[in-house]
Amino acid sequence: MLTGTHIAYYHVCKRKLWLFANGIQMEHTSALVGEGKLLHQQSYAKRANRYIEIQLGNVKIDFYDPETKTIHETKKTRACQDAHLWQLKYYLYMMQQAGIMGASGILEYPLLKITKPVTLSDADINYLLHIIEQINILINQPICPPKEKKTICQKCSFFDFCWIQDE
Ligand code: SF4
């Protein structure tokens, strides 16, 4: 079963997705990821009691408010907003699959003081089913997809792996 990270990386970079899915992970060495995790902890420190963690297969939703049926997802910047959006919609889809109907989400960017409500439509589900198929094809191909110069490369944990030998 795919995780939210697979869905997010599909929207960020196909090469990053393939590397991640094939066990090549460098996130633990990234200071940016550390900052993101710290932000997550600080943002929810005062509200943690209201939220519960949900595990749906290998999908873990860290902050779910069962009273309002709302998933809260905190991000640092809006640089990969599409990835954030579809990751959260995937969580909503997985909740539907688990029989938890009527849930919604909120994307939170505390450093920017921005929140964005997120819902799941039938069209969203069709899109998710399509990309789930595409992701499974992509991650099972034997060859890593080629690198592409993207604005996010500089902040990607695979930057050295992809580009350092060229510089
Ligand atoms: S450095 Fe760029 S090309 Fe390489 S995996 Fe990251 S986003 Fe993709």
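Start at 1 and go down the list; that is how both ligands and their atoms are numbered. Hydrogens, waters and symmetry mates play no part in the numbers below; they use all other heavy atoms, side chains included. Everything numeric in this text was worked out from a predicted model, so none of it was measured.
Every pair passing side chain to side chain donor-acceptor pair (under 3.5 Å) that includes a residue from residues 90-106 is listed here, sequence neighbours excluded: Q87-Y91. Listed by first then second residue, pairs satisfying side chain to side chain donor-acceptor pair (under 3.5 Å) with a partner in residues 109-124 read H84-Y109, K89-D124, S121-D124, not counting sequence neighbours.
By the 4.5 Å side-chain criterion applied to Ile, Leu, Val, Met, Phe, Trp and Tyr, I152 is assigned to a cluster that also includes V12.
Ligand 1 is approached by W163 to a heavy-atom distance shorter than 4.0 Å.
Side chains of I7 and H11 form a contact here, defined as non-hydrogen atoms less than 4.5 Å apart.
Protein N, O or S atom count below 2.8 Å of atom 8 (Fe) of ligand 1: the structure gives 1.
To the nearest 0.5 Å, atom NZ of residue K75 and atom CG of residue L85 are 11.0 Å apart.
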Determine whether I61 and M95 satisfy the following criterion, side chain to side chain contact (heavy atoms under 4.5 Å, CB included), listing intermediate values before the conclusion.
CA-CA 10 Å; I61 298 169; M95 290 190 75; 4.0 Å; yes
